[in-house]
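Structure, as structure tokens:
These numbers come from a predicted model, not from an experiment.
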Amino acid sequence: MTTTKIKNTKIVSTSDKTASNKTTTPLFATDYNVYINHTDAGGIVYHANHLVFFENCRRDWFTQLGLNGYFLQTDNGDVQHFVVSQADLQYKRAILLDEVINVRIDKVELKPASIVFYQSIHRHTPTGDATNKANANSTLLSSTKIVIACVQNQVTPESIANDDDAITHAAPMRPIRVPKKLHDAIEHAINQQINK
């Protein structure tokens, strides 16, 4: 079993090994409270809200890396951002109202024009030692592979003002390469993880 100590939103340490004999430490992990607005009438997190928790985790990681979320502006004022192009989810167990869940970015793959995130949501299961709640087993609740593609907006405020049909006639965005600043920040985080 893997024992993880979480302090605020950073992994402090990890010990033991998984069944595949590899030490696993997520690139990023943070806790979220489950509120009534996340759940259905039965107090179970609505299936689409797993995506919301995964999205919030990615955004919080970008913020930790010193990036302004998903919207980046080039030197000439173009807006670059991300859209989800693929989401594969596996639901393992229900997430319940008033739980505190741990959402993780387990692995990231950088592609020329996209980023692939492998993420998971875990429930904290206290161990027998009540004096040290930071040491806890975790139960996998869901996991995902999410691909976000980097795009650049093509519609400008000027084109909208000059042509009422600009949005319908012009491609609103086009695929682009992952911006260098973002690529370098993620690559640095991955290398730090590998060298731990």
Side-chain angles (χ1 to χ4, degrees), residues 2 4 6 8-14 17-32 38 45-74 78-93 95 101-123 138-154 171-196:
T2 300
T4 304
I6 298 174
N8 295 332
T9 59
K10 295 181 183 176
I11 297 299
V12 177
S13 68
T14 300
K17 296 187 177 184
T18 63
S20 63
N21 292 327
K22 292 181 181 177
T23 302
T24 56
T25 303
L27 285 168
F28 180 77
T30 189
D31 290 342
Y32 294 102
H38 298 128
V45 169
Y46 183 63
H47 67 277
N49 283 332
H50 288 242
L51 287 169
V52 172
F53 287 117
F54 289 130
E55 175 86 19
N56 290 344
C57 182
R58 293 192 305 274
R59 171 63 191 250
D60 290 342
W61 187 53
F62 277 15
T63 300
Q64 181 190 3
L65 295 177
L67 303 166
N68 182 23
Y70 287 115
F71 294 95
L72 306 168
Q73 193 163 10
T74 64
D78 293 327
V79 176
Q80 300 170 339
H81 60 99
F82 300 93
V83 293
V84 173
S85 63
Q86 178 184 340
D88 297 325
L89 279 78
Q90 290 188 334
Y91 301 99
K92 301 292 188 181
R93 297 177 187 263
I95 302 174
I101 56 173
N102 186 252
V103 184
R104 303 173 184 178
I105 297 173
D106 299 303
K107 179 181 168 186
V108 174
E109 293 175 1
L110 282 167
K111 307 285 184 181
S114 63
I115 306 170
V116 182
F117 286 88
Y118 296 87
Q119 294 181 258
S120 56
I121 299 176
H122 299 259
R123 170 181 294 127
S138 67
T139 300
L140 178 64
L141 303 175
S142 65
S143 61
T144 188
K145 172 187 174 183
I146 294 183
V147 180
I148 60 171
C150 190
V151 296
Q152 183 166 302
N153 289 352
Q154 295 296 290
M173 59 187 85
R174 68 176 173 85
I176 60 168
R177 295 183 73 82
V178 174
K180 181 171 176 28
K181 179 180 177 182
L182 176 62
H183 184 280
D184 291 349
I186 292 174
E187 196 169 58
H188 179 71
I190 292 169
N191 288 337
Q192 281 187 320
Q193 176 65 24
I194 291 170
N195 295 327
K196 279 186 179 178

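For the atom pair CG of L51 and OG of S142, the computed distance is 9.0 Å after rounding to the nearest 0.5 Å. Expressed to the nearest 0.5 Å, how far CG of D88 lies from OH of Y118 amounts to 9.0 Å. Rounded to the nearest 0.5 angstrom, S114 OG and R177 CZ are separated by 10.5 Å. With rounding to the nearest 0.5 Å, the separation of CZ in F62 from CG in D60 is 11.5 Å. Rounding to the nearest 0.5 Å places CZ of F54 at 6.0 Å from CD of Q119. The distance from the CZ atom of F28 to the SG atom of C57 is 5.5 Å, given to the nearest 0.5 Å.
When the side chain to side chain donor-acceptor pair (under 3.5 Å) test is applied to S120, the partners found at least two apart in sequence or on another chain are D106, H122. H188 is linked by a side chain to side chain donor-acceptor pair (under 3.5 Å) to Q192, counting only residues two or more places apart in sequence or in another chain. A search for side-chain contact (heavy atoms from CB on, under 4.5 Å) contacts involving N49 returns H38, V45, Y46, V52, not counting sequence neighbours. Legend: residues meeting ring-ring contact (aromatic ring centres under 6.0 Å, His included) with H50, ordered by chain and number and at least two apart, are Y91. Not counting sequence neighbours, the partners of D184 by the salt bridge (charged side-chain N to carboxylate O under 4.0 Å, His left out) test are K180. Residues satisfying the salt bridge (charged side-chain N to carboxylate O under 4.0 Å, His left out) criterion with E109, sequence neighbours excluded, are K107, K111. Contacts of N191 classified as side chain to side chain donor-acceptor pair (under 3.5 Å), with partners at least two apart in sequence or in another chain: none. Under the side-chain contact (heavy atoms from CB on, under 4.5 Å) criterion, R93 pairs with R123, T139, L141, sequence neighbours left out. Take H183 and apply the side-chain contact (heavy atoms from CB on, under 4.5 Å) test, not counting sequence neighbours, and it matches L110, V178, E187. For V108, the side-chain contact (heavy atoms from CB on, under 4.5 Å) partners are L27, W61, I105, I115, F117, I186, I190, not counting sequence neighbours.
Here the side chains of T63 and R59 are in contact, with some heavy-atom distance below 4.5 Å. At least one side-chain heavy atom of V84 sits under 4.5 Å from a side-chain heavy atom of I146. Residues Q152 and M173 fail the side-chain proximity criterion, which asks for heavy atoms closer than 4.5 Å.
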Between R104 and N102, does a side chain to side chain donor-acceptor pair (under 3.5 Å) hold up when you go through it step by step? CA-CA 6 Å; R104 303 173 184 178; N102 186 252; 2.6 Å; yes
Using the rule given for side chain to side chain contact (heavy atoms under 4.5 Å, CB included), can you reason through Q80 versus V151, listing the C-alpha separation, both sets of side-chain angles and the distance that settles it, and then say yes or no? CA-CA 6 Å; Q80 300 170 339; V151 296; over 6 Å; no
